Student: 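Submitted below is the structure of interest, expressed as structure tokens.
In this text, all values refer to a predicted model and were calculated from it rather than measured experimentally.
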Amino acid sequence: QVQLVESGGGLVQAGGSLRLSCAASRRTFNDYAMGWFRQTPGKEREFVAAISWSGTNKYYGDSVKGRFTISRDHEKITMYLQMNSLKPEDTAVYYCAAALLDYCSNRGCYEPTMYDYWGQGTQVTVSS
């Protein structure tokens, strides 16, 4: 069964950093675009960042540009989200996802419905 497993969440003070990881269970994920989303109670899932299958193309939500960096390691079949200068409004459950569409690698996919596989989420809490 295909699996995505997030890790690296936790509690951090404002201005601090965290690195999230998303480990995939199969090497076929190296062929997929992947992304990070976040969600808080009562709100829709929000796009954070995405990366093409090759790692060449990267896309960011406006609220995280310049602070977050997405990357991936094909050898480890793992995607990362380096989060710097964290703010209390970054507090959320963070989910990783994988998209089968080639379009997502070429143009970026910003809607959750365009992703086919999801992890279980990891909590990030930023204290003020």
Side-chain angles (χ1 to χ4, degrees):
Q1 186 169 344
V2 172
Q3 280 190 317
L4 297 174
V5 180
E6 302 98 334
S7 61
L11 174 63
V12 64
Q13 288 189 330
S17 298
L18 281 175
R19 187 176 82 155
L20 304 184
S21 298
C22 172
S25 60
R26 293 170 59 177
R27 288 207 172 271
T28 49
F29 277 98
N30 286 338
D31 297 331
Y32 301 164
M34 298 188 72
W36 289 98
F37 288 78
R38 65 188 182 187
Q39 190 170 23
T40 54
K43 293 191 175 181
E44 293 185 353
R45 201 160 287 193
E46 177 191 8
F47 172 77
V48 175
I51 188 167
S52 62
W53 71 268
S54 67
T56 301
N57 299 333
K58 300 177 182 181
Y59 311 92
Y60 295 97
D62 289 341
S63 61
V64 306
K65 280 180 183 175
R67 299 188 299 124
F68 290 11
T69 302
I70 191 170
S71 62
R72 67 191 301 168
D73 184 329
H74 283 177
E75 281 299 313
K76 296 181 179 178
I77 331 173
T78 300
M79 176 180 64
Y80 304 98
L81 185 69
Q82 178 66 43
M83 305 186 295
N84 297 330
S85 303
L86 282 161
K87 305 175 181 179
E89 51 264 44
D90 294 318
T91 295
V93 177
Y94 283 70
Y95 298 90
C96 69
L100 300 176
L101 289 172
D102 287 341
Y103 178 91
C104 293
S105 278
N106 298 328
R107 297 292 187 92
C109 285
Y110 303 89
E111 294 296 328
T113 54
M114 302 188 80
Y115 289 80
D116 301 281
Y117 301 103
W118 291 87
Q120 83 289 350
T122 185
Q123 177 71 46
V124 171
T125 302
V126 184
S127 64
S128 57

Student: Is there side-chain contact between Met79 and Cys96, with at least one heavy-atom pair below 4.5 Å?
Tutor: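 In short, these two side chains touch, coming nearer than 4.5 Å.
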Student: Between CZ of Phe47 and SG of Cys109, what distance do you get to the nearest 0.5 Å?
Tutor: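 Going from CZ on Phe47 over to SG on Cys109, the span is 9.0 Å.
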Student: Take a 6.0 Å sphere around NZ of Lys76 and say whether it holds more than 12 heavy atoms from other residues, nucleotides or ligands.
Tutor: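 Incorrect, the count does not exceed 12.
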Student: When you measure from the side chain of Asp116 to the backbone of Leu100, do you find a donor-acceptor pair of N or O atoms at a distance under 3.5 Å?
Tutor: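 Looks like yes, one N/O pair under 3.5 Å.
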Student: Where the side chain of His74 meets the backbone of Trp53, is there a donor-acceptor pair that is under 3.5 Å apart?
Tutor: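 Yes, His74 side chain to Trp53 backbone: donor-acceptor pair under 3.5 Å.
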Student: What is the distance from atom CD of Glu75 to atom CD1 of Ile77, rounded to the nearest 0.5 Å?
Tutor: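 So the gap between those two atoms works out to 8.5 Å.
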Student: Can you tell me if Asn84 and Ser17 form a side-chain donor-acceptor pair at under 3.5 Å?
Tutor: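 Yes, a side-chain donor-acceptor pair sits under 3.5 Å.
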Student: Does the ring centre of Tyr117 sit less than 6.0 Å away from the ring centre of Phe29?
Tutor: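 Yes; Tyr117 has its ring centre under 6.0 Å from that of Phe29.
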Student: Using a distance-only test with no angle check, is there a side-chain donor-acceptor pair under 3.5 angstrom linking Arg38 and Ser63?
Tutor: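 Result is yes, a qualifying pair exists.
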Student: Would Val12 end up clustered with Val48 when hydrophobic side chains under 4.5 Å apart are linked, directly or stepwise?
Tutor: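 Yes, same cluster.
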Student: May I ask you to test the Arg72-Thr78 pair for a side-chain heavy-atom distance under 4.5 Å?
Tutor: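 No, every pair of side-chain atoms sits at 4.5 Å or beyond.
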Student: Using the side chain to side chain contact (heavy atoms under 4.5 Å, CB included) rule, pick out the option among Ser127, Ser128, Pro88 that qualifies with Gln13.
Tutor: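 Result: among Ser127, Ser128, Pro88, Ser127 is the only option passing the side chain to side chain contact (heavy atoms under 4.5 Å, CB included) with Gln13.
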Student: When rounded to the nearest 0.5 angstrom, what distance separates CE in Met34 from CG in Asp31?
Tutor: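 CG of Asp31 is found 11.5 Å from CE of Met34.
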Student: Would you say Tyr80 and Met83 are hydrophobically clustered, going by side-chain heavy atoms of ILVMFWY under 4.5 Å?
Tutor: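 No, Tyr80 does not connect to Met83 through the hydrophobic network.
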Student: Donor-acceptor check, side chain of Thr91 to backbone of Thr125, threshold 3.5 angstrom: yes or no?
Tutor: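 Side chain of Thr91 to backbone of Thr125, a donor-acceptor pair under 3.5 Å: no, none is there.
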Student: Could you tell me whether the side chain of Glu6 and the main chain of Leu20 form a donor-acceptor pair under 3.5 Å?
Tutor: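 Answer holds: no.
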Student: So does Asp102 have more than 12 non-hydrogen atoms from other groups sitting under 6.0 Å from CG?
Tutor: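 No, CG of Asp102 has 12 or fewer neighbouring heavy atoms, counting only those of other groups under 6.0 Å.
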Student: In this structure, would Leu4 and Trp118 fall into the same cluster of hydrophobic residues linked by side-chain contacts under 4.5 Å?
Tutor: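 No, because Leu4 and Trp118 fall into different hydrophobic clusters, even though each may have its own neighbours under 4.5 Å.
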Student: Regarding Gln82 and Arg19, is there a side-chain donor-to-acceptor distance under 3.5 Å anywhere?
Tutor: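 Side chains of Gln82 and Arg19: no pair found under 3.5 Å.
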Student: Considering the options Tyr110, Tyr115, Tyr94, which one meets the ring pair (Phe, Tyr, Trp, His ring centres under 6.0 Å) requirement together with Phe37?
Tutor: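 Checked Tyr110, Tyr115, Tyr94 against Phe37; only one passes ring pair (Phe, Tyr, Trp, His ring centres under 6.0 Å): Tyr115.
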Student: With the threshold set at 4.0 Å, does a side-chain nitrogen-carboxylate oxygen contact exist between Asp90 and Lys87?
Tutor: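 Looking at Asp90 and Lys87, the cut-off is not met.
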Student: Could you check whether any side-chain heavy atom of Leu81 comes within less than 4.5 Å of a side-chain heavy atom of Phe68, counting everything from C-beta outward?
Tutor: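 Yes, their side chains come closer than 4.5 Å.
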Student: Answer yes if Met114 and Trp36 sit in the same cluster of Ile, Leu, Val, Met, Phe, Trp and Tyr residues linked by side chain heavy atoms under 4.5 Å apart, and no otherwise.
Tutor: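 Unlinked, Met114 and Trp36 end up in two clusters.
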Student: Report the distance from atom CD1 of Ile51 to atom SG of Cys22, rounding to the nearest 0.5 Å.
Tutor: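 Between Ile51 CD1 and Cys22 SG, I get 11.5 Å after rounding to 0.5 Å.
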Student: Indicate yes or no for a side-chain donor-acceptor contact from Lys58 to the backbone of Thr69 under 3.5 Å, with no hydrogens or angles considered.
Tutor: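 A pair under 3.5 Å: no.
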Student: I want to check a possible cation-pi pair here: Arg45 against Tyr95, using under 6.0 Å from ring centre and within 45° of the ring axis as the test.
Tutor: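 Output yes; distance and angle both within limits.
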Student: Using a 3.5 Å distance criterion without hydrogens, assess whether the side chain of Tyr59 forms a donor-acceptor pair with backbone atoms of Ser105.
Tutor: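 At least one qualifying donor-acceptor pair exists.
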Student: Would you mind telling me which of Leu11, Val124, Val126 makes a side chain to side chain contact (heavy atoms under 4.5 Å, CB included) with Leu18?
Tutor: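 One option only clears the test, and that one is Val124.
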